[in-house]
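Let me begin by presenting the structure, written as structure tokens, before commenting on it.
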Amino acid sequence: MIAIAELPSVAFEEMNTVHAEEVEQLNRIETLLDTGAPETALSAALEALFFHTREHFANEEQLMREVGFPAYEMHKAEHDRALNEFQLVMMEWRNRKDDEIIRNYICVDTPLWLHQHIATMDTVTANFIAMIKAS
């Protein structure tokens, strides 16, 4: 399970809120895996997380465009890469019917990526957005 307190906090509170929502969804999926939930429940939770993540990224990208964030293209490219990876993992899980694929992605890969992404790209982005919005 991911403890939201272990994730870096950023200077733009809306981003922290969205990160907390995603952590809740990731933890819910881990619970579903641990309890042997039916495939339909796991699939619905994964789809909800994908939709939330896609909206999260779209909103963040809109903010970056609004404030003229200089590293927008690089940050957006990382969002696109992460969403593509998520889709590939879900396709592999559906094809192979192996919950360990999802467990590894949700419990290992995603927490590592999330922490690194927030500590680097999101921190710089949030600082820039907060500075622009404050002026």
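Remember, predicted model here, so these are calculated numbers, not experimental data.
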Which value, rounded to the nearest 0.5 Å, describes the distance between [X] atom [atom1] and [Y] atom [atom2]?
{"X": "I29", "Y": "R103", "atom1": "CD1", "atom2": "CZ", "value": "11.5 Å"}
{"X": "L32", "Y": "I102", "atom1": "CG", "atom2": "CD1", "value": "11.5 Å"}
{"X": "L7", "Y": "E22", "atom1": "CG", "atom2": "CD", "value": "10.0 Å"}

Going hydrophobic residue to hydrophobic residue with side-chain gaps under 4.5 angstrom, can you get from [X] over to [Y]?
{"X": "L33", "Y": "I101", "result": "yes"}
{"X": "L83", "Y": "W113", "result": "yes"}
{"X": "F51", "Y": "V23", "result": "no"}
{"X": "M121", "Y": "V124", "result": "no"}
{"X": "V18", "Y": "V67", "result": "no"}

Could you tell me whether a side-chain N or O of [X] sits under 3.5 Å from a main-chain N or O of [Y], the two making a donor and an acceptor?
{"X": "H115", "Y": "P111", "value": "no"}
{"X": "N104", "Y": "E100", "value": "no"}
{"X": "N16", "Y": "S9", "value": "no"}

*Using a side-chain heavy atom cutoff under 4.5 Å and only I, L, V, M, F, W and Y, what cluster partners does V108 have?*
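Besides V108, the hydrophobic cluster comprises L112, listed by chain and residue number.
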*Other than M91, what residues sit in its cluster of Ile, Leu, Val, Met, Phe, Trp and Tyr side chains whose heavy atoms are under 4.5 Å apart, directly or through others?*
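Members other than M91 - counting any ILVMFWY side chain reachable under 4.5 Å - are L88.
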*asked:* So, using side-chain contact (heavy atoms from CB on, under 4.5 Å) as the criterion, who are the partners of T31 when residues are at least two apart?
replied: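 M1, T35.
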_Qualifying residues under side-chain contact (heavy atoms from CB on, under 4.5 Å), relative to T125, sequence neighbours excluded_ =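 Testing T125 for side-chain contact (heavy atoms from CB on, under 4.5 Å), a comparison that skips the adjacent residues, returns M64, F69, H75, I129.
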*asked:* I need the full list of ring-ring contact (aromatic ring centres under 6.0 Å, His included) pairs touching residues 80-99, with sequence neighbours left out, sorted by first then second residue.
replied: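 Every ring-ring contact (aromatic ring centres under 6.0 Å, His included) pair that includes a residue of residues 80-99, provided the two are not neighbours, is F50-F86, F86-Y105.
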*N59 and Q62: side-chain donor and acceptor closer than 3.5 Å?*
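The answer is no; no qualifying pair exists.
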Only distances under 3.5 Å count here; give the side-chain donor-acceptor pairs of residues 37-45 to other protein atoms, sequence neighbours excluded, each with its distance to 0.1 Å.
{"residue": "S43", "atom": "OG", "partner": "R94", "partner atom": "NH2", "Å": "3.4"}

*Kindly indicate, with the supporting measurements, whether the criterion salt bridge (Lys or Arg N to Asp or Glu O under 4.0 Å) is fulfilled by R81 and E78.*
CA-CA 5 Å; R81 189 207 61 75; E78 181 56 18; 2.8 Å; yes
_Within the structure provided, determine whether I106 and L46 are in side-chain contact (heavy-atom separation under 4.5 Å)._
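Sidechains of L46 and I106: in contact.
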_Consider side-chain contact (heavy atoms from CB on, under 4.5 Å). Of H19, E13, M15, E14, which one does T17 pass it with?_
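The option that passes is E13.
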